[in-house]
Amino acid sequence: MKNDKILILDDEQIVIDAITKHLSRYNYDIYSGKNGKEGLTLYNDVNPILIILDLRMPVMDGVEFLRKINLSPADPCSVVVLTGHGSDEDMERCFELGISAFLRKPFNLYELLGIVTHSIALKKVELDLKAELIQREMMETELRLYRGHLEELVKTRTAELQKEIVDRTNAEKLATRSLKDKEVLLREIHHRVKNNLQIVSSLLDLQSKYIKDPETLDMFKDSQNRLQTMALLHEKLYQSDNMAEIDFAKYLNNLLDHLYRSYCIDTSSILMNTDIEDATIGLDTAVPCGLIINELVSNSLKHAFKNAEGGSLSVSLHKLDDGRFKLTVSDTGVGLPDGIDLKNAKTLGLRLVNALVVEQLEGTLEFNSNNGASFWIVFKELKYSSRGTKDGG
Ligand SMILES: Nc1ncnc2c1ncn2[C@@H]1O[C@H](COP(=O)(O)OP(=O)(O)O)[C@@H](O)[C@H]1O
Ligand SMILES: [Mg+2]
């Protein structure tokens with residue numbers, strides 16, 4: 001650590017010598033001048049922490065010197081006045097000019113040492129405090145800047161987030177609207193398909209008015225019913241929530257009603273028993289399923305009770321434990337002709353049933369002819385994905 005520097009300004013060499021000799025023992029670097037003018041030069045060159053100042057000096061006295069250096073509490077230097085003539089007014093003026101102690105000659109060297117030590121210690125504390133204050137101010141400024149920066153950052157990010165939210169909401173709105181549009185479109189398509197199928201069916205109906213041959217007439221009716229079966233399905237689809245699946249029980253009841261009406265048969269002459277599992281089924285499965293039921297029920301209504309008073313017809317659909325469906329259509333009529341071969345039947349109806357089960361549903365078909373005709377069909381519901389794979393994506 002460097003020694004503290006003390007500047008002595010006094011016109012009496014003997015005073016300078018005495019103080020220098022005494023203070024040197026306490027690790028101070030001592031500098032001295034004979035008047036205020038010399039003092040100013042030394043003050044600027046040496047930067048002392050303490051000045052011991054005489055008042056009466058030639059060239060420039062102590063008070064003038066004090067005025068020139070213009071002490072302020074922030075300066076790194078304190079002044080102790082040591083004078084032989086100082087009046088109370090002098091003392092007052094000197095304190096006004098910022099000195100820290102006033103001592104009269106003749107003086108005691110130890111007393112001076114005490115004042116010097118104290119003044120220096122006090123000045124050092126002042127300087128430390130000042131440094132600390134400056135550092136704190138710097139930190140505060142930095143903190144303010146940082147906070148400002150942070151606030152700026154938060155503002156920017158908030159604005160970005162708000163924009164993101166607006167963008168996302170808009171995108172969602174757009175997506176919802178586009179979905180709604182597509183839904184409307186799909187509903188419209190099912191509606192039109194249904195209408196078109198019904199138009200074709202009506203055309204066949206009109207055309208059939210010119211047909212005299214009962215067999216041909218029958219074929220027209222079968223075709224009409226096939227069209228109606230599909231039209232009904234599309235009607236159920238556009239009435240459904242998701243336009244992909246229908247409530248199969250409802251569909252089937254409507255289909256059976258339609259067939260009874262179409263063959264002008266009363267449910268009191270041929271009883272209708274239905275036991276349909278509560279299930280929704282997709283279009284891909286429902287179309288072949290509906291057509292199969294149409295064929296089998298039409299046959300029962302047309303052929304089974306020709307010579308009989310009446311009987312009953314049963315249709316049931318159940319889900320098996322393995323997830324497949326089992327469809328049963330049976331009647332209590334005359335039964336199927338002996339030796340009938342569905343695959344190679346000459347007539348379209350049963351061949352269609354066989355083809356729909358095997359090729360469309362990829363299911364199995366069994367039938368027997370004890371106490372009327374009975375058909376059992378077991379199939380899996382077709383899913384879009386499995387169809388996708390089958391078609392090669
Ligand atoms: N449930 C049934 N009861 C009695 N005979 C039936 C039954 N289903 C089909 N058949 C007989 O099988 C024949 C073939 O039926 P199908 O292929 O549907 O032709 P279509 O109904 O046009 O005659 C019918 O003509 C009928 O003789
Ligand atoms: Mg038939």
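- The pair Arg136-Glu140 does not count as a salt bridge, with every side-chain nitrogen at least 4.0 angstrom from each carboxylate oxygen.
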Review point. When you look at Lys302 and Asp218, which way does the salt bridge (charged side-chain N to carboxylate O under 4.0 Å, His left out) test go after all the steps?
Key: CA-CA 10 Å; Lys302 267 187 345 189; Asp218 210 41; 3.3 Å; yes
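- If you run side-chain contact (heavy atoms from CB on, under 4.5 Å) between Ile246 and each of Leu232, Leu237, Thr280, only Leu237 comes through.
- Checking side-chain atoms of Ser201 against main-chain N and O of Leu197 turns up no donor-acceptor pair under 3.5 Å.
- Pairing each heavy atom of Phe375 with each of Leu365, the nearest pair is CD2-CD1, 4.1 Å.
- A salt bridge links Arg324 to Asp322: at least one charged side-chain nitrogen sits closer than 4.0 Å to a carboxylate oxygen.
- Closest approach of Glu359 and Glu362 over heavy atoms only: O-CG, 4.1 Å.
- Atom CG of residue Leu122 and atom CG of residue Leu50 lie 11.0 Å apart, to the nearest 0.5 angstrom.
- A salt bridge does not link Glu96 with Arg93: none of the charged nitrogens is closer than 4.0 Å to a carboxylate oxygen.
- In this structure, the separation between CG on Leu179 and CG on Leu174 is 11.5 Å, given to the nearest 0.5 Å.
- Not a single donor-acceptor pair under 3.5 Å links the side chain of Asn294 to the backbone N or O of Gly290.
- Without hydrogens or angle criteria, Arg104 side chain to Thr83 main chain gives no donor-acceptor distance under 3.5 Å.
- Contact record, Leu97 with Leu71: O-CB, 3.6 Å, taken as the closest heavy-atom pair.
- Identified under the ring pair (Phe, Tyr, Trp, His ring centres under 6.0 Å) test for residues 308-333, with sequence neighbours left out: Phe325-Phe379.
- Atoms CD and CG, on Glu295 and Asn299 in that order, are 6.5 Å from each other to the nearest 0.5 Å.
- Salt-bridge check for Lys155 with Glu151: failed, with every basic side-chain N at 4.0 Å or more from each acidic carboxylate O.
- In this structure, Thr156 contributes its side chain and Glu152 its backbone to a donor-acceptor pair below 3.5 Å.
- Ion pairing of Arg157 with Glu160 is present here, as a side-chain N (NZ or NE/NH1/NH2) and a carboxylate O approach within less than 4.0 Å.
- Both the sub-6.0 Å distance and the 45° axial angle are not jointly satisfied by Lys37 relative to the ring of Phe65.
- In this structure, Tyr110 and His22 have perpendicular ring planes: the angle between them is above 60°, well past the 30° mark.
- Salt bridge absent: Lys250 and Asp257 never bring a charged side-chain N and a carboxylate O closer than 4.0 Å.
- Under a 3.5 Å cut-off, the side chain of Asp331 and the backbone N or O of Ala373 do form a donor-acceptor pair.
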Check your understanding: For Lys105 and Asp10, what are the C-alpha separation, side-chain angles and deciding distance, and is it a salt bridge (charged side-chain N to carboxylate O under 4.0 Å, His left out)?
Key -> CA-CA 12 Å; Lys105 289 176 187 168; Asp10 204 311; 2.9 Å; yes
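- A donor atom on one side chain and an acceptor atom on the other are found under 3.5 Å apart for Ser262 and Asn225.
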Exercise for review: Report the C-alpha distance between His190 and Glu235 in whole Å, list the side-chain angles of each, state the deciding distance to 0.1 Å, and finish with yes or no for side-chain contact (heavy atoms from CB on, under 4.5 Å).
Suggested key: CA-CA 7 Å; His190 283 307; Glu235 185 178 291; over 6 Å; no
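- Comment: Lys124 engages Asp4 in a salt bridge, judged by a side-chain N to carboxylate O separation of less than 4.0 angstrom.
- Judged by distance alone, the side chain of Glu381 and the main-chain N or O of Gly282 form a donor-acceptor pair under 3.5 Å.
- Asn44 places a side-chain N or O within donor-acceptor distance of the main-chain N or O of Leu40, the cut-off being under 3.5 Å.
- A donor-acceptor contact shorter than 3.5 Å links the side chain of Glu277 to the backbone of Lys319.
- A donor-acceptor pair is defined here as one N or O able to donate and one able to accept, closer than 3.5 Å; no such pair exists between the side chain of Asp88 and the backbone of Met91.
- The side-chain heavy atoms of His303 and Val334, taken from C-beta on, include no pair separated by under 4.5 Å.
- In terms of heavy-atom proximity, Asn35 sits nearest to Pro58 at CB-O, 3.1 Å.
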Exercise for review: Report the C-alpha distance between Ile120 and Tyr28 in whole Å, list the side-chain angles of each, state the deciding distance to 0.1 Å, and finish with yes or no for side-chain contact (heavy atoms from CB on, under 4.5 Å).
Suggested key: CA-CA 11 Å; Ile120 289 177; Tyr28 292 119; 3.6 Å; yes
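- Annotation: the span from Leu127 atom CG to Ile49 atom CD1 amounts to 6.0 Å, rounded to 0.5 Å.
- Put simply, the side chain of Ser32 never gets that close to the backbone of Leu9: no donor and acceptor are under 3.5 Å apart.
- Classification of Lys34 and Glu12 as a salt-bridged pair fails, no side-chain N sitting under 4.0 Å from a carboxylate O.
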Practice item. Could you walk me through whether Gln13 and Asp17 pass the side-chain hydrogen bond (donor to acceptor under 3.5 Å, both in side chains) test, one step at a time? Key: CA-CA 6 Å; Gln13 189 59 44; Asp17 289 346; 2.9 Å; yes
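- Judged purely by distance below 3.5 Å, without hydrogens or angles, the side chains of Asp29 and Asn3 pair a donor atom with an acceptor atom.
- When all heavy atoms of Leu217 and Ser208 are compared, the closest pair comes out as CD1-O, 3.3 Å.
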Review point. Does the salt bridge (charged side-chain N to carboxylate O under 4.0 Å, His left out) test come out yes or no for Glu64 and Arg67, once each step is laid out?
Key: CA-CA 5 Å; Glu64 184 65 20; Arg67 279 206 192 91; 3.8 Å; yes
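- In this structure the side chain of Asp90 reaches within 4.5 angstrom of the side chain of Leu55, judged on heavy atoms.
- Residue Ala345 comes nearest to Leu350 through the heavy atom pair CB-CB, 4.5 Å, listed as atom of the first residue, atom of the second, then distance.
- In this structure, CE on Met272 lies 5.0 Å from CG on Leu256, to the nearest 0.5 angstrom.
- Surrounding CZ of Arg25 are more than 12 heavy atoms belonging to other residues, nucleotides or ligands, all under 6.0 Å away.
- The ring-ring contact (aromatic ring centres under 6.0 Å, His included) test applied to Tyr260 returns no partner, not counting sequence neighbours.
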